[in-house]
Amino acid sequence: DRSNEWRVDTNEYAMAGNNALSEEEKTFIDNKLRERFELKILYKYEDADAIRDGLKEKFGVQVDDRTKEWFVDAQLMVGAGVAVSEDDGEVGIVAEEGDIALVA
């Protein structure tokens with residue numbers, strides 16, 4: 001927020017909400033968010049935005065920099081058409097009762 005009235009100034013982001021991401025995926029996301037924070041400190045906003053956009057595309061992650069929280073947005077994943085292919089059995093992410101679930 002431009003007025004600096006409310007800001008959490010740390011590279012630690014908290015996961016908000018429920019999701020079915022593996023621990024490895026959660027660790028990957030946390031590490032990428034730390035990297036993104038450091039890039040923003042160095043004024044490398046394009047690189048930081050690329051990380052944000054990559055997490056959004058791959059996992060449906062939404063990031064709130066003001067509160068330092070991230071969550072998986074089921075609407076993004078459904079809207080992006082990410083799902084399991086019945087033909088080849090590829091693993092994907094699908095909406096399941098409002099949450100994100102990994103299926104095989």
Side-chain angles (χ1 to χ4, degrees):
D1 121 90
R2 294 188 190 279
S3 64
N4 290 329
E5 291 175 14
W6 170 251
R7 180 172 299 190
V8 178
D9 205 18
T10 177
N11 70 350
E12 296 292 324
Y13 284 76
M15 181 182 64
N18 295 322
N19 61 63
L21 296 173
S22 70
E23 289 303 314
E24 291 82 18
E25 290 168 323
K26 291 175 189 176
T27 299
F28 175 81
I29 291 166
D30 285 334
N31 289 337
K32 294 306 275 184
L33 290 173
R34 283 187 196 96
E35 179 183 345
R36 180 174 175 265
F37 180 83
E38 298 302 324
L39 288 168
K40 287 175 70 174
I41 289 174
L42 298 172
Y43 302 104
K44 295 183 177 185
Y45 297 114
E46 285 184 25
D47 294 337
D49 289 348
I51 289 174
R52 180 201 59 212
D53 295 343
L55 293 174
K56 185 176 181 179
E57 182 178 316
K58 184 172 183 177
F59 299 106
V61 167
Q62 289 283 38
V63 180
D64 185 339
D65 288 318
R66 188 175 60 87
T67 61
K68 295 294 191 259
E69 292 180 329
W70 66 269
F71 63 94
V72 177
D73 187 339
Q75 295 296 346
L76 282 177
M77 298 313 296
V78 171
V82 177
V84 175
S85 169
E86 294 180 356
D87 295 333
D88 59 13
E90 287 289 320
V91 174
I93 301 176
V94 297
E96 181 175 279
E97 297 179 0
D99 289 334
I100 295 296
L102 289 176
V103 294

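Put simply, CG on L33 and CD on E12 are 10.0 Å apart, with the number rounded to the nearest 0.5 Å. Taking CZ from R34 and CD1 from I51, the interatomic distance works out to 12.5 Å, rounded to the nearest 0.5 Å.
In this structure, K32 forms no cation-pi arrangement with F59, as its terminal cationic atom is not both closer than 6.0 Å to the ring centre and no more than 45° off the ring axis.
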Could you go through D49 and R52, starting from their C-alpha distance and side-chain angles, then the distance that decides it, and tell me whether this counts as side chain to side chain contact (heavy atoms under 4.5 Å, CB included)? CA-CA 5 Å; D49 289 348; R52 180 201 59 212; 3.3 Å; yes

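Other residues, nucleotides and ligands contribute over 12 non-hydrogen atoms within 6.0 Å of the NZ atom of K26. The local environment of OH in Y45 is crowded, with over 12 non-hydrogen atoms from other residues, nucleotides or ligands closer than 6.0 Å.
Here the side chain of K68 pairs a donor or acceptor atom with the backbone of D65 at under 3.5 angstrom.
Residues E24 and T27 fail the side-chain proximity criterion, which asks for heavy atoms closer than 4.5 Å. In this structure, D64 and F71 have side chains that are not in contact, with every pair of non-hydrogen atoms separated by 4.5 Å or more.
Considering every non-hydrogen atom in both R36 and A48, the closest pair reads NE-O, 3.2 Å. Of all the heavy atoms in N19 and M15, the pair that sits closest is ND2-SD, 3.3 Å.
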